[in-house]
Amino acid sequence: MSITVRIPAPLQAVAGNRLEVEADGGTIAELLADLDNRFPGFRQRVYDETGRLRRFLNVYVNQEDIRFLSGETTPIKDGDEVSIVPAVAGG
Amino acid sequence: MIEFTDEQIERYSRHIILKEVGGKGQEKIAAARVLVIGAGGLGCPVAYYLAAAGVGTLGIVDSDAVDLSNLQRQILHHTPDVGRPKVQSAGEKLSALNPDVRVVPHRQRLTSQNVLSVIADYDIVVDGTDNFPARFLINDACVLSGKPLVHGGILRFEGQLTTILPGRGPCYRCLFPEPPPPGFVPSCQEAGVLGAIAGVIGTLQATEVLKLILGIGETLAGYLLTVDLLTMEFRRVRIPKNAECEVCGEHPSILAPFDYRRRTINHARNARRPRSPVVGIPPTHVAGPPGRTRIT
């Protein structure tokens with residue numbers, strides 16, 4: 001199974017400078033764990049010290065914010081597209 | 001009712017011919033009062049198109065002077081303007097483009113003390129600032145005063161855009177409940193920015209403002225548009241209204257604007273400081289010009 005994950009500019013450096021990566025998992029938590037296995041340091045960029053997803057960063061499954069689905073236990077399936085979107089302040 | 005002269009009818013003829021605008025719409029544009037916060041990468045194209053469109057009153061907020069490194073994207077500022085106040089440089093270009101527009105310079109930095117009084121005189125606010133404390137301050141102030149806000153942000157080849165209609169849809173804090181701690185997300189100075197992304201997002205912000213003035217089409221209220229110029233992908237994700245939002249939720253805890261920088265520092269005193277920035281480029285890798293700490 002393979003899910004396409006879109007990586008935003010601030011996280012690309014830790015994800016091999018890629019805009020898009022393939023990852024595995026049945027839920028968002030498993031998907032993010034798979035990304036951390038492949039890209040060491042990924043987890044600490046996405047989770048805070050208390051193990052909560054950072055509040056200036058959202059995860060979307062097919063355009064829907066997981067905070068309003070089932071959070072990190074939101075199920076994902078082959079062909080889904082996951083985007084990580086952090087707040088961006090430049091202007 | 002605004003009586004247009006023959007010259008004005010000719011100037012705005014390409015708008016007036018649009019059935020969605022017409023003479024009535026052009027009158028609405030002439031009567032509109034729009035505040036553009038930041039005369040930088042985003043604020044320049046926003047203000048330029050709004051002035052060209054004939055927005056009657058255009059407020060420009062910026063406390064900075066033009067820097068040589070701004071000219072790669074901040075299209076209202078020209079080489080001889082380096083060192084001059086941005087509101088002055090921008091104001092001259094906008095008035096030269098369209099003398100119909102009353103440009104109101106606000107050469108100041110917005111704070112919790114002045115933000116409500118500055119935005120009070122305007123119908124629509126545009127966020128073209130370059131830092132998180134300003135963006136959350138502006139969001140909160142607009143929600144608290146019921147002002148429509150067109151938000152845009154850029155970094156590297158990417159941009160974000162949304163329109164906030166207080167009382168009718170989600171706000172920026174529904175999208176992102178709080179800003180990252182200082183140093184967690186790189187600025188354009190640290191990570192770079194393609195000049196043209198400022199034009200893409202800025203002109204989209206101007207478009208949203210004109211649609212709000214005219215009451216036409218569908219705005220990005222309730223949606224975040226993300227733009228990636230490397231792949232040319234424009235995506236729209238839904239922003240649900242967050243019932244627990246601290247400023248526009250069912251039990252808001254933010255009842256007045258506050259300055260995030262101070263609160264963030266207070267929080268940082270109580271929290272463990274991160275050893276290194278968690279998102280983006282560590283400041284030690286930053287190769288900025290010496291003696292400068294921020295950029296617009």
Side-chain angles (χ1 to χ4, degrees), chain A residues 4-22 28 32 35-36 39-71 74 76 80-91, chain B residues 37-38 40-43 127-135 152-160 172 175-181 184-189 191-193 197-198 201-202 223-224 226 228 230-231 233 235-240 242 271-272 274 276-281 295-296:
Chain A
T4 303
V5 185
R6 307 212 29 101
I7 307 292
L11 289 177
Q12 284 161 9
V14 78
N17 289 316
R18 283 192 275 174
L19 308 180
E20 204 173 274
V21 297
E22 299 291 313
I28 290 295
L32 294 176
L35 284 171
D36 187 57
F39 304 110
F42 191 85
R43 185 180 171 81
Q44 65 156 342
R45 286 169 165 77
V46 176
Y47 291 92
D48 66 18
E49 296 81 357
T50 65
R52 192 174 60 165
L53 276 171
R54 295 190 177 279
R55 280 156 63 84
F56 54 87
L57 175 150
N58 291 327
V59 179
Y60 297 87
V61 178
N62 303 329
Q63 330 278 305
E64 297 294 330
D65 187 335
I66 62 163
R67 289 182 298 155
F68 301 90
L69 299 173
S70 305
T74 301
I76 43 176
D80 280 345
E81 190 185 77
V82 172
S83 317
I84 302 172
V85 179
V88 160
Chain B
I37 306 177
L42 294 171
D127 185 350
T129 60
D130 66 344
N131 64 88
F132 286 109
R135 290 179 177 286
I154 52 173
L155 186 70
R156 290 177 51 78
F157 300 87
E158 296 180 13
Q160 297 178 354
Y172 189 62
L175 176 65
F176 298 115
E178 63 186 35
F184 274 54
V185 174
S187 65
C188 293
Q189 181 183 20
V193 63
I197 186 74
I201 300 296
Y223 292 92
L224 177 74
T226 63
D228 183 345
L230 285 180
T231 55
E233 283 177 304
R235 288 156 188 278
R236 218 172 60 151
V237 294
R238 238 162 45 80
I239 309 174
N242 185 358
R272 247 181 51 220
S276 63
V278 178
V279 171
I281 299 169
I295 201 161
T296 51

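Numbered from 1 within each chain, the chains take letters A, B, ... in sequence-line order.
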Non-hydrogen atoms of chain A under 4.5 Å away: do they reach the side chain of B:Thr226, the backbone, both or neither?
side chain
Report yes or no: does B:Arg135 contribute a side-chain atom to a donor-acceptor pair with the main-chain N or O of A:Ala89 at less than 3.5 Å?
yes
For A:Asp65, all residues meeting salt bridge (charged side-chain N to carboxylate O under 4.0 Å, His left out), sequence neighbours excluded:
A:Arg67
Is the shortest side-chain heavy-atom distance between A:Tyr60 and B:Arg235 below 4.5 Å?
no
Okay, B:Tyr172 and chain A: the region with an atom under 4.5 Å from a heavy atom over there is side chain
For residues 7-22 of chain A, please give each side-chain donor-acceptor pair under 3.5 Å, one per line with the distance, not counting sequence neighbours.
from    : atom 1 : to       : atom 2 : distance (Å)
A:Gln12 : NE2    : A:Ile7   : O      : 3.0
A:Gln12 : NE2    : B:Glu158 : OE2    : 3.3
A:Glu20 : OE1    : A:Arg6   : NH1    : 2.8
A:Glu22 : OE1    : A:Ser2   : OG     : 2.6
A:Glu22 : OE2    : A:Thr4   : OG1    : 3.1

Which atom pair, heavy atoms only, marks the closest approach of A:Asn58 to B:Phe176?
ND2-CE2, 3.5 Å
Under a 4.5 Å heavy-atom cutoff, which of B:Leu42, B:Thr129, B:Ile154, B:Leu155 has the most pairs with chain A?
B:Ile154
Using heavy-atom distances under 4.5 Å, tell me whether B:Leu175 contacts chain A through its side chain, its backbone, both, or neither.
both
B:Pro240, B:Gly202, B:Gly153: which one forms the most heavy-atom pairs within less than 4.5 Å of chain A?
B:Pro240
Is it the backbone or the side chain of B:Asp228 that comes under 4.5 Å from a heavy atom of chain A, or both, or neither?
side chain
Most contacts with chain A, counted as non-hydrogen pairs under 4.5 angstrom, among B:Arg156, B:Gln160, B:Arg236, B:Glu233
B:Gln160
What part of B:Leu230 is in contact with chain A, defined as an atom under 4.5 angstrom from a non-hydrogen atom: side chain, backbone, both or neither?
side chain
Do B:Arg238 and A:Gln63 have side chains that get closer than 4.5 Å, going by heavy atoms?
no
Between B:Pro181 and A:Phe56, which heavy-atom pair has the shortest distance, and what is it?
CD-CE2, 3.9 Å
